[in-house]
Amino acid sequence: MMMIRSNSALKSFIGKTPLLYSAHTTFLASLIHSNSSFSSNASADFQQHSKSKYQKVANLNDALNLFDQMSQQRPFPSIIYFTQLLHSVTKMKHYSHSVDLFKQMCALRVPVDKFTMSVAIKCCCQLYRTNDGFAILGYCFRRCIVPDDFIFSALLDGLILEDRILEAEIFFKKLIKDKLCEPDVVMYSTMIKGLCKVGNNVIAIQLLRLMDERGCKPDVVVYNNIIDSLCKDQMIDDAFKLFKEMVFQKRIPPNVITYSSLIDGLCNLGRWEDASKMLQEMLDVGISLDVHTYNILVDAFCKEGKIEEAENVVDIMLERGIVPDIVTYNSLIDGYCLRGELAKAKAIFDSMVFRNIGPNVVTYSSLLNGYWKNSKIDEAMLLFHKMNEKGPKPDVITYNTMLWGLFRVGNCGAARKLFDEMRAKGLKPNECTYRVILEGLCNNHLIEEALSLFHLMGDSKLNSCIIVYNIVIDGASICGKFDIAKALFQDLTNKGLHPNVRTYSVMISGLCREGLVGDAKELFYKMEESGCAPDNVSYRVLLQGYLKNKHYVDVEMLLHEMVGRGYSLDATNVSILLDQIAAGSFDNTLIELIGKLVPKELMDGPNFSLK
DNA sequence: CTAGGGTTAG
């Protein structure tokens with residue numbers, strides 16, 4: 001059975017590079033040969049028996065009914081039972097109901113204690129209402145309840161959830177300085193998570209060292225936080241350094257999350273063979289893949305366009321008794337969308353209902369994204385309509401997707417309306433929203449509006465972002481306002497921002513568009529000096545500038561450099577070069593040089609017969 | 001004696 005599937009997978013790889021093929025196969029092989037993972041639930045069952053009925057409520061309704069009964073008894077049942085019930089509701093993630101029950105308890109004068117407070121604070125924080133959490137902390141002080149690590153951790157976590165990292169840091173330091181508590185491993189881990197969240201891996205590692213020095217031994221969760229963050233930032237070598245430190249120096253056994261993070265990091269870098277090795281290592285040390293790990297693999301295959309492989313992984317999951325969840329199906333939808341197979345994506349979307357998995361906001365957004373990327377305007381509009389009628393509530397990402405699509409088809413008016421609508425619904429546009437709008441306006445030649453929006457952002461985080469600058473600089477330059485582009489380029493350094501490769505490429509392209517080839521060349525060689533090496537795109541842009549401005553003297557040198565760096569030409573370059581060859585502008589040595597720079601994809605095209 | 005906190009996937 002498995003062999004047949006592997007063979008069909010094999011077919012899909014014919015024509016691809018052998019390395020990729022074997023890496024994928026090994027990858028699958030290690031999946032196939034791994035042990036089935038039917039873990040014993042004996043201990044869980046045992047624990048079930050010792051649990052009270054307040055801890056075992058199956059759903060929200062039961063919990064609410066039970067609460068009603070309890071609140072009518074006199075005297076009140078033990079606060080322990082109330083708190084257990086509250087905790088059950090919290091574990092079901094019905095945080096707002098939990099807070100509600102807590103409020104009722106207070107109103108009924110049920111003698112709430114530290115444990116109750118702790119659950120209530122936790123719920124406020126998870127609802128992005130950390131300020132309310134702090135209000136309950138004040139209530140604790142008034143009631144002479146001394147808050148403990150649990151309460152402080154919940155508050156710290158809330159600040160981090162709301163991206164209030166600076167406040168989190170101040171709070172954390174204050175706790176230590178005022179000796180309100182000595183942070184334990186969970187609190188350190190939470191603070192470290194926050195630092196990682198804002199990309200401050202270096203400080204996170206410093207805190208890891210500090211906690212060790214202060215006598216709080218880091219555990220696998222602390223390491224996982226940093227390892228995952230490093231993986232997400234594509235700093236996989238650092239991640240492995242930490243991994244080895246954890247395993248060999250600290251003797252902390254990695255868990256399924258450690259491996260999953262590393263495998264995810266490797267897959268995102270396209271390092272299939274290494275990912276495969278890690279998967280094997282994980283199985284060798286006796287850790288089975290869980291639904292998250294499988295989902296990472298499904299997602300990785302989907303992102304590579306290897307849907308057949310992804311489907312194989314799903315089959316393996318099913319065979320092993322691991323039920324694919326909404327994340328699995330969302331990845332598959334993404335994968336089919338990426339390949340332009342919208343009917344397949346829609347089929348999965350529709351099938352989810354039968355599997356008792358209701359499509360969530362991610363599912364809808366993915367399919368919408370697929371429709372827009374493939375120019376299925378009507379389908380996108382219809383699906384969005386359906387979503388508003390009877391689907392999950394669209395979130396910022398949904399709106400960003402819609403805005404992107406509307407701008408792409410040039411419907412700036414509808415985009416405007418939708419933007420107003422999203423704000424009317426109380427959704428806060430994020431950085432991505434502004435990028436989408438700026439780019440949309442620029443691409444539709446509405447540079448004035450883009451600039452006024454850009455200036456409207458003032459000195460916020462939003463326009464102190466190099467990506468945003470790149471968009472506006474490019475937009476201004478495309479719209480013939482190169483003086484503005486130049487001013488913006490100056491402006492960003494004044495703000496202490498560093499131009500990146502893209503910024504330089506955009507500027508070089510702009511200079512060339514203005515016919516200022518000399519300046520373009522100067523900037524091109526300056527960027528390397530500034531520690532920003534030109535990439536393939538920079539070369540292609542400059543070459544295009546040289547050619548379009550008939551600046552032939554530097555072409556040969558540039559081509560040689562491109563060969564040296566292993567770069568290649570794009571379709572535009574090749575097309576102009578072919579014209580020039582036909583016109584006799586280049587001699588034979590140059591034609592040979594060009595031949596080395598034409599990528600295989602372009603060679604196969606019917607328009608290019610360059611040998 | 002019974003109760004509470006942190007890690008992976010758009």
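All chains are named by letter (A, B, ...) in the order of the sequence lines, taking the proteins before the strands, and each is independently numbered beginning at 1. Just so we're clear, the structure is a prediction, and the values are computed from it rather than from any experiment.
Nucleic acid contact for A:V361: base, since at least one base atom lies under 4.0 Å from a heavy atom of the residue. At a threshold of 4.0 angstrom between heavy atoms, the contacts of A:N330 with the nucleic acid are absent. No engagement by A:K197 is indicated, since no non-hydrogen atom pair under 4.0 Å with the nucleic acid exists. In this structure, A:K91 reaches neither bases nor backbone, as no heavy-atom distance under 4.0 Å exists between it and the strands shown. Using a 4.0 Å heavy-atom cutoff across all strands shown, A:S366 reaches no nucleic acid atom at all. Contact annotation for A:V298: no contact, since no heavy-atom pair falls under 4.0 Å across all strands. At a threshold of 4.0 angstrom between heavy atoms, the contacts of A:D149 include nucleobase atoms, whether or not backbone atoms are also involved. Using a 4.0 Å heavy-atom cutoff across all strands shown, A:V327 reaches at least one base atom of the nucleic acid.
Counting heavy atoms from C-beta on, the side chains of A:K114 and A:C140 never come closer than 4.5 Å.
Counting distance only, with no hydrogens placed and no angle test, the side-chain atoms of A:S153 and the base atoms of B:dG5 include a donor-acceptor pair under 3.5 Å. Judged by atom type and distance alone, A:D184 reaches the base of B:dG5 through a side-chain donor-acceptor pair under 3.5 Å. In this model, a side-chain donor or acceptor of A:D148 finds a partner on the base of B:dG4 within 3.5 Å. Put simply, the side chain of A:N225 and the base of B:dT7 share no donor and acceptor less than 3.5 Å apart. You'll find a donor-acceptor pair under 3.5 Å spanning the side chain of A:D395 and the base of B:dG10, going by distance alone. Side-chain atoms of A:S365 and base atoms of B:dG10 include a donor and an acceptor less than 3.5 Å apart.
Distance, A:L368 CG to B:dG10 P: 18 Å, rounded to whole Å. Atoms CE (A:M191) and C1' (B:dG6) sit 13 Å apart, rounded to a whole Å. With rounding to whole Å, A:M117 atom CE is found 18 Å from B:dG4 atom P. Spacing between atom CG of A:D299 and atom C1' of B:dA9 amounts to 7 Å, rounded to whole angstrom units. In this structure, A:D325 places its CG atom 12 Å from P of B:dG10, rounding to the nearest Å. With rounding to whole Å, A:I333 atom CD1 is found 19 Å from B:dA9 atom P. Rounded to whole angstrom, the span from the NZ atom of A:K122 across to the P atom of B:dG6 amounts to 4 Å. Separating the NZ atom of A:K193 from the P atom of B:dG5 is a distance of 13 Å, rounded to the nearest angstrom.
Two rings, from A:F82 and A:Y54, have their centers 6.0 Å or more apart. Outside the 6.0 Å centre-distance limit, the rings of A:Y95 and A:F102 are not counted as a close aromatic pair.
For A:F76, the CZ atom sits in a packed shell: over 12 heavy atoms of surrounding residues, nucleotides or ligands are nearer than 6.0 Å. Residue A:K241 qualifies as open at atom NZ: its count of foreign heavy atoms under 6.0 Å is 12 or below.
Side-chain proximity of A:V362 to B:dT7, B:dG10, B:dA9: nearest is B:dG10. For A:D219, taking side-chain heavy atoms from C-beta onward, the closest of the listed nucleotides B:dT7, B:dA9, B:dG6 is B:dG6. Ranking B:dA3, B:dG5, B:dA9 by closeness to the A:V186 side chain, first place goes to B:dG5. Proximity note for A:F115 (side chain, C-beta onward) versus B:dT7, B:dG4, B:dG6: the nearest is B:dG4. Considering only side-chain atoms of A:I296, the nucleotide from B:dT7, B:dG10, B:dA9 that sits closest is B:dA9. The listed nucleotides are B:dA3, B:dG4, B:dG6; the one nearest the side chain of A:S189 is B:dG6.
Taking side-chain N and O atoms only, A:K51 has no distance below 4.0 Å to OP1 or OP2 of B:dA3. In this model, the phosphate group of B:dT2 is not approached by any side-chain N or O of A:Q84 to a distance below 4.0 Å at OP1 or OP2. An OP1 or OP2 oxygen of B:dA3 is reached within less than 4.0 angstrom by no side-chain nitrogen or oxygen of A:K114.
Separation of atoms CG (A:D264) and NZ (A:K232) is listed at 6.0 Å; rounding is to 0.5 Å. The line from CD of A:Q249 to CG of A:L242 is 10.0 Å long, rounded to the nearest 0.5 Å.
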